[in-house]
Amino acid sequence: MKRIGVIGGLGVIGPWLIRRLLAEGTEVFTIDVRDDVSLLPDVADRFTRCTADVRDVDALTAVLADRGPINALANLAVADAGASDPYLSFSVNGHGSVTVLEAARRTGVPRVIYASSKAAYGRILAPYGHPEFEPLPEDHPLSVHPDLPVYSASKRYGEDAGVLYAERFGLEFAAMRFATIVGPGKQARHGPTSIQSRMIENAVAGVGTVGEAGGDQRDDMVYVKDVAAGLASALLTKQLGHQAYNLGSGRLSTLRDLAAAIRENIADVEIDIGPGLNYLVGLRDAYALMDMSRAQSDLGYEPAYDLPAAVSDYAKELIALGVAVAANEAQSAWGS
Ligand SMILES: NC(=O)c1ccc[n+]([C@@H]2O[C@H](COP(=O)([O-])OP(=O)(O)OC[C@H]3O[C@@H](n4cnc5c(N)ncnc54)[C@H](O)[C@@H]3O)[C@@H](O)[C@H]2O)c1
């Protein structure tokens, strides 16, 4: 049986990855700074939870050594404080990646999968951004996004460290660059920055949503269970063919498309999104259609959820989890 560690596994993405790994017959443990299983109560007794800070290489090494032979690690840990606390963001998101790589090297873990982001591409301009939206390939140059400098630079740092450790020490490394993820728990954990979660969760609570602008913005919105499937493949596949993979949905949608899917699958509430681009106010040129051909051929990645299926599964899972749903009127501006 393969043994997989999920670092930062108790957040939004981790629980879906853990369920997927358990379903694949894998032994799972998590390393996190908190012990909150509210997004995975159904499987909480089926994996081991360890506490360590991703910035503490000795603590991380001790936990890995204690767990015994490990086949692969997923590093999902993030402190999304952005510009309000660059030291924290850089040390967890960027240097935390080096710490995980170093602890893996010291304990002989052969593979590390790093949760990166499309933010590592920096500003996504035409032909890959609006209005052409040609599929954005992994070999597009990486750069710092001026509206999201700390987050994008720290993801780039984490990726560069992984490539260096792979070259120098021979461990397998891949950065997974996600499109815009939609998934239950995001609003509860991250607040109103995810307008998609606000729209869906408001509808579950029986109320509508008003968004000032951005109704014409097309974007690649991927369901969290598809992301989890892609991550699980990267952890479990026999051999990685590349060091970076995009994970997306394979299609472009607008918030108005999302509103239609919500009205059809959850509740016929009023959702009024104003016109224009950039639904995340203050974050320009961050929207793209991810080219997934590499993940498809190397990892067998195939998103299973279209927008209506994602919306209806989101509502079903939210209710099953018993996550408190409260109508949220806050704007989805990007705070950093
Ligand atoms: N959710 C998205 O839309 C999205 C999109 C692109 C990329 N990502 C990336 O995917 C990864 C996971 O995202 P998420 O939404 O699950 O994040 P999350 O914030 O919900 O979860 C992150 C987890 O990391 C843990 N953590 C924070 N600081 C830590 C530390 N010092 N040591 C150990 N653990 C620590 C937190 O307790 C939390 O459980 C992140 O790296 C994020 O940047 C997410």
Side-chain angles (χ1 to χ4, degrees), residues 11-13 15-16 39 80 117-119 124 130 133 148 151 178-228 247-284 286-290 303-319 321 323-335:
V12 172
I13 299 174
W16 303 106
L39 294 183
D80 197 12
S117 165
K118 65 177 171 172
I124 301 165
H130 176 82
F133 285 107
L148 208 53
Y151 185 69
F178 308 137
T180 301
I181 298 174
V182 177
K186 209 167 168 183
Q187 180 161 271
R189 285 282 155 87
H190 300 175
T193 52
S194 169
I195 187 162
Q196 293 88 351
S197 288
R198 182 153 60 98
M199 289 164 66
I200 296 168
E201 297 191 22
N202 280 359
V204 174
V207 299
T209 300
V210 176
E212 255 176 33
D216 300 314
Q217 180 70 61
R218 291 186 291 159
D219 194 16
D220 186 337
M221 303 177 196
V222 61
Y223 192 47
V224 70
K225 288 188 182 178
D226 284 327
V227 169
L247 293 182
S249 68
R251 67 183 175 264
L252 289 166
S253 311
T254 65
L255 293 185
R256 291 185 180 136
D257 298 328
L258 180 65
I262 290 169
R263 280 194 294 265
E264 210 165 291
N265 291 281
I266 302 180
D268 192 15
V269 292
E270 200 174 328
I271 303 177
D272 182 15
I273 308 293
L277 303 178
N278 302 328
Y279 58 74
L280 279 169
V281 180
L283 182 56
R284 300 158 298 158
Y287 309 91
L289 177 64
M290 309 297 264
Y305 292 84
D306 62 13
L307 211 49
V311 159
S312 103
D313 195 73
Y314 186 128
K316 188 192 86 192
E317 293 290 8
L318 194 70
I319 291 161
L321 283 169
V323 175
V325 179
N328 189 336
E329 299 301 324
Q331 281 298 312
S332 292
W334 193 262

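Note: hydrogens, waters and symmetry copies are ignored here, and every other heavy atom, side chains too, is used.
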To the nearest 0.5 Å, atom CD1 of I271 lies from atom CZ of R198 at 10.5 Å
Taken to the nearest 0.5 Å, the spacing of M199 CE from I266 CD1 works out to 9.5 Å
Closest non-hydrogen contact found for P184 with Y223 is CD-OH, 3.9 Å
Minimal heavy-atom distance between P303 and G248, with the atoms involved, is CG-O, 3.7 Å
> Can you check whether A261's main-chain N or O pairs, donor with acceptor, with N265's side chain at less than 3.5 Å?
Replying inline: yes
- Message: Counting C-beta onward and ignoring hydrogens, is there a side-chain heavy-atom pair between L247 and V222 closer than 4.5 Å?
- Response: no
query: Do the side chain of D226 and the main chain of Y305 share a donor and acceptor less than 3.5 angstrom apart?
result: yes
Does D220 use its side chain to pair, donor to acceptor, with the backbone of A179 at less than 3.5 Å? no
Heavy-atom nearest pair, G11 first then P15, reads O-CD, 2.9 Å
One should read off an interatomic distance between Q217 CD and R284 CZ, to the nearest 0.5 angstrom, of 12.5 Å
Flag, side chain of R256 to backbone of I273, donor-acceptor distance under 3.5 Å
yes
What one should report as the nearest heavy-atom pair of G185 and L318 is N-CD1, 4.3 Å
- Message: For W16, is there any backbone N or O sitting under 3.5 Å from a side-chain donor or acceptor partner on K225?
- Response: no
Exercise. For the pair Y287 and L277, evaluate side-chain contact (heavy atoms from CB on, under 4.5 Å) and give the outcome as yes or no after the intermediate values.
Key: CA-CA 10 Å; Y287 309 91; L277 303 178; over 6 Å; no
When rounded to the nearest 0.5 Å, the distance separating CD1 of I195 from CD1 of I200 is 11.0 Å
Please tell me if the side chains of D219 and K118 come closer than 4.5 Å, counting only heavy atoms from C-beta onward.
yes
Here the gap from D306 atom CG to S249 atom OG, rounded to the nearest 0.5 Å, amounts to 9.5 Å
Distance col, row T180:OG1 vs M290:CE, nearest 0.5 angstrom, shows 8.5 Å
Heavy atoms of V204 and A315 approach each other most closely as CG2-CB, 3.8 Å
Q) Does any donor atom in the side chain of S197 or Y314 lie under 3.5 Å from an acceptor atom in the other side chain? A) yes
**Asked** Is there a side-chain contact between V182 and S194 (heavy atoms, below 4.5 Å)?
**Response** no
- request: Might you work through the side-chain contact (heavy atoms from CB on, under 4.5 Å) test for I181 and I13, ending with a clear yes or no?
  value: CA-CA 9 Å; I181 298 174; I13 299 174; 3.5 Å; yes
Do D257 side-chain atoms and T254 backbone N/O form a donor-acceptor pair below 3.5 Å?
yes
*Show your working on side-chain contact (heavy atoms from CB on, under 4.5 Å) between L255 and M221 and close with a plain yes or no.*
CA-CA 10 Å; L255 293 185; M221 303 177 196; 3.9 Å; yes
